[in-house]
Amino acid sequence: MSAKNIEVIFSDSGKIQARVTSILLNRYLTPDPCMEFPLGFKISIFDSALRTETSIMATTGKEKKMPGSWKPG
């Protein structure tokens, strides 16, 4: 499955924690499921006032279905 121009918001207890954006996301539902960002991605992490605290950008990326496994490409 593929999606273009995605934006994913992560929240905890109704408070926005982070936002991931990407031009292209490919999701693979195989025995080793993963999501790939072949054209890059950006992650913004916010403080309690919704100010950007940290930003991470990469030209490619892959996320495996394991906690804490985001890997820049």
Side-chain angles (χ1 to χ4, degrees):
M1 174 176 78
S2 294
K4 294 181 180 178
N5 299 314
I6 62 112
E7 178 179 60
V8 179
I9 304 293
F10 294 91
S11 64
D12 183 23
S13 302
K15 295 180 182 177
I16 295 174
Q17 303 287 314
R19 176 179 66 198
V20 176
T21 57
S22 181
I23 295 170
L24 179 63
L25 164 68
N26 294 325
R27 184 174 176 198
Y28 300 98
L29 301 174
T30 61
D32 185 24
C34 70
M35 291 189 295
E36 290 184 346
F37 301 88
L39 300 177
F41 65 93
K42 180 179 180 182
I43 300 173
S44 298
I45 301 172
F46 304 105
D47 64 15
S48 59
L50 291 179
R51 293 180 298 240
T52 301
E53 190 171 81
T54 304
S55 290
I56 300 169
M57 292 175 55
T59 56
T60 64
K62 184 174 186 177
E63 185 266 342
K64 292 190 173 207
K65 293 297 175 188
M66 297 170 18
S69 65
W70 281 84
K71 297 177 184 176

Q: Could you check if a side-chain atom of Leu25 sits within less than 4.5 angstrom of a side-chain atom of Met35, using non-hydrogen atoms only?
A: yes
Q: Decide yes or no on side chain to side chain contact (heavy atoms under 4.5 Å, CB included) for Phe37 and Ile6, but give the supporting numbers first.
A: CA-CA 10 Å; Phe37 301 88; Ile6 62 112; 4.2 Å; yes
Q | side-chain hydrogen bond (donor to acceptor under 3.5 Å, both in side chains): pairs with one or both residues in residues 16-26, sequence neighbours excluded | A | Ser2-Asn26
Q. In Å, rounded to the nearest 0.5 Å, how long is the span from CD1 of Ile45 to OG1 of Thr52?
A.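 Here the rounded value is 10.0 Å.
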Q: State the CD-NZ distance between Glu7 and Lys42, to the nearest 0.5 angstrom.
A: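 Going from the CD atom of Glu7 to the NZ atom of Lys42 covers 11.0 Å.
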Q.
Is there a path of hydrophobic side-chain contacts, each under 4.5 Å between heavy atoms of I/L/V/M/F/W/Y residues, joining Leu39 to Phe41?
A. no
Q. Crowded around Ile9 CD1? As in, over 12 foreign heavy atoms under 6.0 Å?
A. yes
**Q.** Considering all heavy atoms, the nearest Pro38-Glu36 contact
**A.** CD-O, 3.3 Å
Q. Looking only at heavy atoms, what is the nearest atom pair of Ile16 and Phe46, with distance?
A. CG2-CD1, 3.8 Å
Q: With sequence neighbours left out, write down each residue that passes salt bridge (charged side-chain N to carboxylate O under 4.0 Å, His left out) with Asp47, or none if nothing qualifies.
A: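 Testing Asp47 for salt bridge (charged side-chain N to carboxylate O under 4.0 Å, His left out), a comparison that skips the adjacent residues, returns Arg51.
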